[in-house]
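To start, the structure itself, in structure tokens.
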Amino acid sequence: MDKNMDKNFVNLNTNPCKMCMPMGSISAFYGVRKCMTILHGSQGCATYIRRHMATHYNEPVDVASSSLTEEGAVFGGEKNLMKGLDNLIRLYDPDVIGVPTTCLAETIGEDTEGIVARYVEAHPGLRVKIVTVASAGYSGTQFEGFFRTLRALVSQTEPDAAPNGKVNIVTNMISPADTRFLKALVSGMGIDAIFLPDLSENLDGVHKEAYDRLPMAGTSLAEIAQMAGATCTIEMSSFFDPSYSPGQFLLEKYGVPLRRTALPVSLRDTDRLIALLSLAGGIVTDGIEKERGRFLDAMVDSHKYNAQARAAVFGEPDFVFAVCRLLVENGAMPVVAATGSVCPSFREMLEPELAGLAGFHLGEKPVALDDCDFAEIESYVKKLGVNVLVGNSDGRRIAEAAQVPLVRCAFPVHDHVGGQRIRTLGFEGGLMLLDRITNAVISGVETTFRRELYEKYYGSA
Ligand code: SF4
């Protein structure tokens, strides 16, 4: 049964294709200068998140926990959270403290905002900014946790709405390497920008003899305040919910014009980003023109191989949408597009893309799935003859079971090194990803065609 076709379908996920909300929240807080995060809830949540982030980014990751036990679950965790805040301030002296909640805190109906308000009241002259985010793991994925946190940062920071001529760039869950690329692109076009968050350094640092206890790079609190006085906001997400869009908040509250765009992975989406930056006063340099030309040249080079690609793309909605658009414009067929997020517009937005596929007219039925698990993806991988997987490391079991290569990208990549340096954005990054996918298809053909020929003419060995 296709659950997307049946509104009464009760979906039981056994191995969900998603990371939980606090993971996205902590990732976003890691792009803020001198920020520490304390998870309000049980201790295991912080351990799980630290473990995933540390193996993806290959950096030490600090996340505190209010460590609720049975007593906190019954009587509330105010005492624990207040003590945790005291300890963080004493040990780290941060500028910002992020307080995302977990399943436990939300399930017991914890009034986290009230606790923080009482803490601030009890500490007159407190220098640190404390930002709360409601992020029950079961009520969304890292995608929602990430954007809710960005919105909380802009809505809970006292604004500096004086016009400053800057452009707000709200990024997405992108790698530090892609963030560095975006910063270089924007400054190369002559634009003074505020990136929220700025993950370029804190999760891909340089070697130092002494360990910085706090992330010393990233967006400062003063810059977050200045976002209210920017000339416009460019928000890189195709899936819009006014309740967690920071750009929407800045538009409604301070009249900062909002422009939205998909993650710039494909040629057309990078063109759109460049067009938006030009509109904001940026200059299109010769270097950008050349990179675009190289992208076009590479598309010509690899199209004959891409026509054989039958891809399954999985992960967070924006990543899947952007990569599918890259594949489609290069003649590859994303026959499975899947996200674990509950995102009804995912299907609606992908269907026009998939409808244009060559195979679609020959009776092919590509699928776009939201709220799905890995078992469901695997069944479609086998049914639809997928020959390349594109997504995070959690797809490796499918790759093994279906004998299909996995092109690792997005988050988490915890079974290979270099997750923090994977490039997918811009003409160059999109091309790097396209090359990896094309090469996976070529090597798949190289390694299987003899066996397939043998089986065709002589039966299985
Ligand atoms: S799903 Fe809930 S319990 Fe599990 S790690 Fe996330 S917040 Fe914690």
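Values below: all heavy atoms of this structure, side chains included; hydrogens, waters and symmetry mates excluded. Order of listing sets the numbers, starting from 1, for every ligand and every atom in it. We're numbering straight along the sequence, starting at 1.
Near Y48, meaning under 4.0 Å from any of its heavy atoms, are these atoms of ligand 1: 5 (S). Near T102, the atoms of ligand 1 lying under 4.0 angstrom from a non-hydrogen atom of the residue are 7 (S). Close approach of ligand 1 to C103 is summarised as follows: ligand atoms under 4.0 Å from at least one heavy atom of the residue are 1 (S), 2 (Fe), 3 (S), 7 (S).
With a heavy-atom cut-off of 4.0 Å, P22 touches ligand 1 through its side chain alone.
Not less than 6.0 angstrom separates the ring centroid of Y30 from the ring centroid of Y57.
Looking only at distances, a side-chain donor or acceptor of T339 sits under 3.5 Å from a matching main-chain atom of G315. When atom types are taken as modelled, the side chain of E351 and the backbone of E348 share no donor-acceptor pair closer than 3.5 angstrom.
Of the options C45, G41, G137, the smallest heavy-atom separation from atom 3 (S) of ligand 1 is shown by C45.
Distance from atom 6 (Fe) of ligand 1 to its nearest protein heavy atom, with residue and atom name: C20 SG, 2.5 Å.
Judged by a 6.0 Å distance limit and a 45° cone about the ring axis, R423 is positioned over the six-membered ring of F181. Under the 6.0 Å distance and 45° angle rule, R213 counts as a cation-pi partner of Y92.
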